[in-house]
Amino acid sequence: MSEKVRTRFAPSPTGYMHIGNLRSALYGYLFAMKEKGEFILRIEDTDQNRYVDGATQIIYDTLADAGISYSEGPDKGGPYGPYLQSERKEIYMEYAKKLIEKGAAYYCFCTPERLASMKDTSVADSNGVTRYDKHCLSLTKEEVEANLKAGIPFVIRQNIPPEGKGTYHDMVFGDVTVDYKDMEDGILIKSDGMPTYNFANVVDDHLMHINYVIRGVEYLSSTPKYNLMYDAFGWERPHYMHLSPVMKDAQHKLSKRNGDASYQDLVAKGYVKEAILNYIALLGWAPKDNSEKMTLAEMVEKFSVDGLSKSPSIYDEAKLRWLSGEYMKELSDEEFKKRAQPFFEQSKAYGKYDEDLLVKLLKSRIEIFGEIPAKIDFLEEYDAFDPSLYDNKKQKCNKEVAKAILPKLYEAMKGWEDYSNAALYEALVAFAAAEGVKNGQVLWCLRIAITGASVTPGGASEMAELLGKQRCLDRLQRAISALS
RNA sequence: GGCCCCUUGGUCAAGAGGUUAAGACAUCGCCCUUUCACGGCGGCAACAUGGGUUCAAUUCCCGUAGGGGUCACCA
């Protein structure tokens, strides 16, 4: 590759950014960076009907948050702008006219009624498919001029050859061939003067010097149409890399419509964002050395097209969760604290504990930040609990054991001053030895007694430290009276 | 339905003619252990199918089945 690689991410602002979208952006970015090229953002907002307010901002924010940077884009500028298709309307018309001059496109004045009537099965081909019949192709120059002058609404259609085949080489799928007779004379310029994707894409990619087109497989079989235009213009065809989709299950693509995870949903649930990006990179791609946990920079370094898979990949949140946990453990205490903040705030216990201590306990125990509230609510909520919580076969513990141990332990603990984990642990073990019971019996009973929870983010001494002496003794007392 | 494309364990996936068919997640079991985790060790589990080609096919070719995409004045 002697020419400088220029690739682009070209989303349409129709809502939230889902995992599949982000992944396309990621792959484009990885490829461009790997090849020391440029990655560009272009917003495809030619369909006003589908435009969703704020969607463009979500695209900027998501890419920025994920660390996928582009050198040119609507919000960054660049030498080939504007990068917002709606601002390029005149350009498309100008090029569409060039295509008409070359005979590769033509004006079409057919009414919606006529078009609708063609859908009638009486004119369908043997496969039951109706295609535009090239009716307006036969219009003379004079007729076209007259219609134009009369202000009759028109569209511009691509003139697909009636015969022949289009073949091209896809970087992941290999050679792809499609018969021209299976293609329709698609609309290039809509009656509102806006281009369709089919056309804007070709014009913009060329004008923006995009030489590697990376996009979803849904364009795999329509690509020959685009090549026809490149050829007609006398432009060099770009290289194509089509990406298989991310699925929700074996037969459904991931979609926002079904409430499937978007990047921001996952962040809101508390997944570590680096893990999200890392995981989606792995959905459909595997590096040569089979690494799994990688930073963005490592992904760039390891990226190669032959590691892309051709078949769809099913999104598995369980694995994402695991990866998030891996990243979680590596977060520094400060970073963890910072990112966990909003989740601490969701807990009823917020502000009523030593946060630094909790950070250490929680870090290796959660995979996503969203687990935090449920994990620490016991710090604030302490209600009567089922004494069966004391039952633990392995620790040889049960309600009766608790009844015997707890009052003595309460008396002992009243005298202890150092409520740090280490000192408590030492004292508790000594207590167990003095009483002639197993460590586990004391520790288990105590933990249950002061937390009222079967699962806590640490053991008895850690929970006692977290609660502090006073709360510890209060709860112990309540637990004892509940037992009698 | 026509056309294009895809098919390795439950999931993500290595392997590209000869392998005991990797690894990861999930799952199960054991160890560690003050619960839960973490960590360590181990188990279960796959080449959709039928024909070829070949000394040898998971790997190459053809068919079948299954799945995805496409057939819009949406991208």
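Lettering of chains follows the sequences in order, A, B, ..., and the numbering in each one begins at 1.
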Atom pairs under 3.5 Å, N or O on each side, protein against nucleotides 48-50 of chain B: can you list them with distances?
none

* Interatomic distance at P, B/U19 relative to B/A57, whole Å -> 11 Å
* Structure fact -> Once base and sugar-phosphate atoms are separated, protein heavy atoms under 4.0 Å mark nucleotides 25-36 of chain B, 5' to 3', with B, S and - as S-------BBBB
Under 3.5 Å, N/O pairs linking protein and nucleotides 6-9 of chain B:
none

* Using a strict cut-off of less than 4.0 Å between a Lys/Arg side-chain nitrogen and an Asp/Glu carboxylate oxygen, indicate whether A/Lys329 and A/Glu326 qualify as a salt bridge. => yes
* Could you tell me whether A/Lys363 and A/Glu371 make a salt bridge, using a distance below 4.0 angstrom between a side-chain N and a carboxylate O? => no
* Asked: Given the P atoms of B/U59 and B/C6, what is the spacing between them in whole Å?
  -> 15 Å
* Structure fact -> For A/Glu218, the salt bridge (charged side-chain N to carboxylate O under 4.0 Å, His left out) test, sequence neighbours excluded, returns none
Within the sub-3.5 Å range, which N or O atoms of nucleotides 19-21 of chain B have a protein N or O partner, and how far apart are they?
none

* Asked: Is atom OH of A/Tyr16 surrounded by more than 12 heavy atoms (other residues, nucleotides or ligands) closer than 6.0 Å?
  -> no
* Looking only at atom C1', what distance separates B/C28 and B/C47, rounded to whole Å? -> 24 Å
* Find the distance A/Met241:CE to B/C5:C1' and express it as a whole number of Å. => 17 Å
* Asked: Considering only heavy atoms from C-beta outward, does the side chain of A/Leu358 approach that of A/Leu379 to under 4.5 Å?
  -> yes
* What interatomic distance, in whole Å, is found between P of B/C31 and the corresponding atom of B/A37? -> 15 Å
* Structure fact -> Correct closest heavy-atom pair for A/Gly284 and A/Arg23 would be CA-NH1, 3.8 Å
* P gap between B/U64 and B/C38, integer Å -> 49 Å
* Begin with the C-alpha distance, continue with both residues' side-chain angles, and end with the deciding distance and a verdict on side chain to side chain donor-acceptor pair (under 3.5 Å) for A/Glu317 and A/Tyr271. => CA-CA 10 Å; A/Glu317 198 154 327; A/Tyr271 284 87; 2.6 Å; yes
* To do: Please determine if A/Lys181 and A/Glu163 form a salt bridge, counting it only when a charged side-chain N lies under 4.0 Å from a carboxylate O.
  => no
* Asked: Are more than 12 heavy atoms from other residues, nucleotides or ligands located less than 6.0 Å from atom CD of A/Gln48?
  -> yes
* To do: Take the protein atom NE2 of A/His242 and the nucleotide atom P of B/C5, then report the distance between them rounded to whole Å.
  => 12 Å
* Under 4.0 Å protein heavy-atom contacts per nucleotide of nucleotides 69-75 of chain B, with B for base, S for backbone only and - for none -> BSSSBBB
* Do the rings of A/Tyr107 and A/Phe109 sit parallel, tilted or perpendicular, given the 30° and 60° boundaries? -> parallel
* Asked: Given the side-chain rings of A/Tyr168 and A/Phe173, with only the six-membered ring counted for Trp, is the space between their centroids under 6.0 Å?
  -> no
* Structure fact -> To the nearest angstrom, the CG-C1' distance between A/Leu323 and B/G23 comes to 14 Å
* Structure fact -> A/Tyr240 OH to B/C5 C1', in whole Å, measures 17 Å
* Tell me, please, which residues at least two apart from A/Ser347 pass side-chain hydrogen bond (donor to acceptor under 3.5 Å, both in side chains). => A/Asp377
* Quick one: stems for RNA chain B, with Watson-Crick or G-U pairs under 3.5 Å, at least three in a row? -> B:1-7 with B:65-71, B:10-12 with B:23-25, B:27-31 with B:39-43, B:48-52 with B:60-64
* Structure fact -> For residues 280-294 of chain A, the salt bridge (charged side-chain N to carboxylate O under 4.0 Å, His left out) pairs (sequence neighbours left out) are A/Lys288-A/Asp306, A/Asp289-A/Lys302, A/Glu292-A/Lys319, A/Lys293-A/Glu330
* Asked: Under the side-chain hydrogen bond (donor to acceptor under 3.5 Å, both in side chains) rule, what pairs show up with a residue in residues 183-205 of chain A, not counting sequence neighbours?
  -> A/Arg8-A/Asp205, A/Arg42-A/Asp205, A/Gln85-A/Asp204, A/Arg88-A/Asp204, A/Tyr92-A/Asp204, A/Tyr106-A/Asp185, A/Lys134-A/Asp185, A/Tyr197-A/Asn201, A/Tyr197-A/Arg215, A/Asn198-A/Tyr226, A/Asn201-A/Arg215
* **Interatomic distance at P, B/A45 relative to B/U7, whole Å** => 25 Å
* Determine the interplanar angle of the A/Phe344 and A/Tyr353 rings, folded into 0 to 90°, and report it as parallel if under 30°, tilted if 30 to 60°, perpendicular if over 60°. => tilted
* **Least distance between heavy atoms, A/Gly164 atom then A/Asp179 atom** => O-OD1, 3.1 Å
* For A/Lys288 and B/A13, what is the distance between atoms NZ and C1' respectively, to the nearest whole Å? -> 13 Å
Give every donor-acceptor pair under 3.5 Å between a side-chain atom in residues 448-455 of chain A and any protein atom, sequence neighbours left out.
{"from": "A/Thr451", "atom 1": "OG1", "to": "A/Arg447", "atom 2": "O", "distance (Å)": "2.7"}
{"from": "A/Thr451", "atom 1": "OG1", "to": "A/Ala453", "atom 2": "N", "distance (Å)": "3.2"}
{"from": "A/Thr451", "atom 1": "OG1", "to": "A/Ala453", "atom 2": "O", "distance (Å)": "3.4"}

* Any residue meeting side-chain contact (heavy atoms from CB on, under 4.5 Å) with A/Asn398, in chain and number order, not counting sequence neighbours -> A/Asp391, A/Glu400, A/Val401
* B/G39 to B/G68 separation - C1' atoms, rounded to the nearest Å -> 41 Å
* Would you please indicate if the ring centroids of A/Phe199 and A/Tyr95 are separated by under 6.0 Å? => no
* Asked: Taking the same atom, P, in B/G52 and in B/A26, what whole-Å distance lies between them?
  -> 44 Å
